[in-house]
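Below you'll find the structure, written out as structure tokens, and then a few comments.
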Amino acid sequence: MHSKVSLAPFTSFSKSAPLRTFLFWCALVPQIAMLFASASYRSLLLVLASVLGALASECRNYFRKKNVSLSAAYALLSGTLVGLFLPPEFPILSAFFTTFLFLYTAKNIFGNSGVSWVNPVALSVIGAWFVGHLFFGGFTISGAELLSKNPSLNLIDGALLTNGVDEKITLFLNDSIFSLFDVSIPNGYVSLFWDNHAAIPAFRFAFWTLLASLFLFSFDFINIEIPAMFLLVYCLLVRFVSPLFTGGGPREGDLLLALLSSGILFSSIFLIYWPGTVPFSLAGKIFYGIFGGVLAFIFCGTGTSPIGAVATVLFMNIISPALQTIETKSLRKRLSSLLALELGEGNK
């Protein structure tokens with residue numbers, strides 16, 4: 001019997017974890033490449049500073065606790081994710097020290113190796129927001145703009161692909177796919193998916209986020225239940241409930257604005273399914289995703305929130321221990337019932 005009570009009751013370790021963590025990071029490589037291609041060098045420096053801060057946190061934890069393994073892959077992944085959620089105006093030294101401080105705090109309070117029930121990346125980004133919230137700004141779409149039919153069109157300005165690429169792709173999609181449903185999309189939405197030029201890098205490259213999701217789902221790095229329920233519930237609330245608050249008509253909530261402007265899409269793939277923070281049963285995952293979708297609507301509204309998606313992940317983590325405790329008790333009951341049944345049959 002173990003008598004020690006821990007704030008990290010659901011920590012697990014696998015020898016294959018470093019390799020899986022590195023392969024998970026590989027799904028972020030296109031995002032980094034796009035920052036290079038768009039000459040977003042300030043954002044790249046912030047990613048580098050955050051990675052170094054994460055590595056320093058790993059080293060400090062390793063030398064402080066000799067029984068703890070040093071994971072460069074974990075530092076690379078967590079640091080990259082933190083850096084992608086920072087606006088380019090954020091001070092580089094602050095990025096290093098904030099990442100170091102909050103990742104180190106997460107390890108020592110909520111569990112080693114960053115697989116506790118609190119997402120260490122989300123905790124670090126929220127910490128960065130408290131340190132320099134002025135750099136993050138606020139909601140970028142006004143109430144008056146939300147009253148327009150398609151407020152996401154406000155994001156297109158300055159985001160169009162050059163040399164008529166957007167127009168050609170849009171024409172192809174309208175003729176070959178959307179015509180089957182008797183709908184069409186205007187010029188500009190293709191560019192928004194490619195690069196919407198948001199200040200925060202995690203919000204920018206929806207196309208590569210979607211491509212990364214296919215890679216992660218296909219190789220079973222993450223399961224689809226939680227992201228699917230999360231996005232479904234959030235989109236339903238945006239589509240049908242948000243017009244009640246913005247003065248719009250039924251079914252006029254702008255889904256593209258919601259998905260492309262607050263990092264919701266990125267967070268649903270790279271943050272929500274963090275090891276140790278999610279339930280393990282199908283029912284638990286479905287409830288967790290539904291709960292997250294409701295929280296996302298509360299924190300992000302119809303979009304353009306600079307920190308709402310990360311706050312959503314952190315608040316989702318609050319119910320994780322309760323859900324996993326319920327699941328563990330339920331599993332023990334089923335095992336006890338099966339064992340009793342087996343013993344009963346054996347005594348006959």
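Numbering starts at 1 and runs along the sequence shown.
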Side-chain donor or acceptor of Gln324 paired with backbone N/O of Gly284 under 3.5 Å:
no
Crowding at CZ, Phe135 (>12 non-hydrogen neighbours, <6.0 Å)
yes
Student check: side-chain heavy atoms of Val294 and Val233 closer than 4.5 Å:
yes
Can Leu52 be reached from Phe102 by stepping across I, L, V, M, F, W or Y side chains whose heavy atoms are under 4.5 Å apart?
no
Which pair of heavy atoms, one from Phe203 and one from Ala198, lies closest together, and at what distance?
CB-CB, 3.7 Å
Pairs where residues 281-299 contributes a residue and the test side-chain hydrogen bond (donor to acceptor under 3.5 Å, both in side chains) is met, not counting sequence neighbours
Asn223-Lys285, Tyr273-Lys285, Ser281-Glu327, Tyr288-Asn317
So, are Glu58 and Lys107 salt-bridged, with charged N and O less than 4.0 Å apart?
yes
Phe207 and Trp194 aromatic ring geometry - parallel, tilted or perpendicular at 30°/60° bounds:
tilted
Scanning both residues in full, the closest heavy-atom pair of Ile272 with Val313 reads CG1-CG2, 4.0 Å
Verify the neighbour count for atom CZ of Phe97: are there more than 12 heavy atoms of other residues, nucleotides or ligands below 6.0 Å?
no
So do the side chains of Leu86 and Phe136 get within less than 4.5 Å of each other, counting heavy atoms only?
yes
State yes or no: do Ile126 and Trp274 share one hydrophobic cluster built from I, L, V, M, F, W and Y residues joined by side-chain heavy-atom distances below 4.5 Å, directly or via other members?
yes
Quick one, Ile307 and Phe299 - any side-chain contact, counting heavy atoms below 4.5 Å?
no
Ignoring hydrogens, what is the shortest heavy-atom contact between Arg239 and Gly253? Give both atom names and the distance.
NH1-O, 3.1 Å
Are the side chains of Ser267 and Thr312 in contact, using a 4.5 Å heavy-atom criterion?
no
Kindly work out whether a path of hydrophobic side-chain contacts (I/L/V/M/F/W/Y, heavy atoms less than 4.5 Å apart) joins Leu84 to Val82.
yes
Around Phe280, counting heavy atoms of other residues, nucleotides and ligands shown, do more than 12 lie under 6.0 Å from its CZ?
yes
Can you see which heavy atom on Phe221 is nearest to which on Leu23, and at what distance?
CZ-CB, 3.5 Å
Hey, quick one: are Leu93 and Leu46 part of the same hydrophobic cluster, counting side-chain heavy atoms closer than 4.5 Å, chains of contacts allowed?
no
Please answer whether the main-chain N or O of Gly53 pairs with a side-chain N or O of Ser57 as donor and acceptor at a distance below 3.5 Å.
no
Check for me whether the distance between the ring centres of Phe291 and Phe315 falls short of 6.0 Å.
no
Less than 4.5 Å apart, any side-chain heavy atom of Trp208 and any of Val29?
no
Phe22 atom CZ, neighbour heavy-atom count above 12 within 6.0 Å:
no
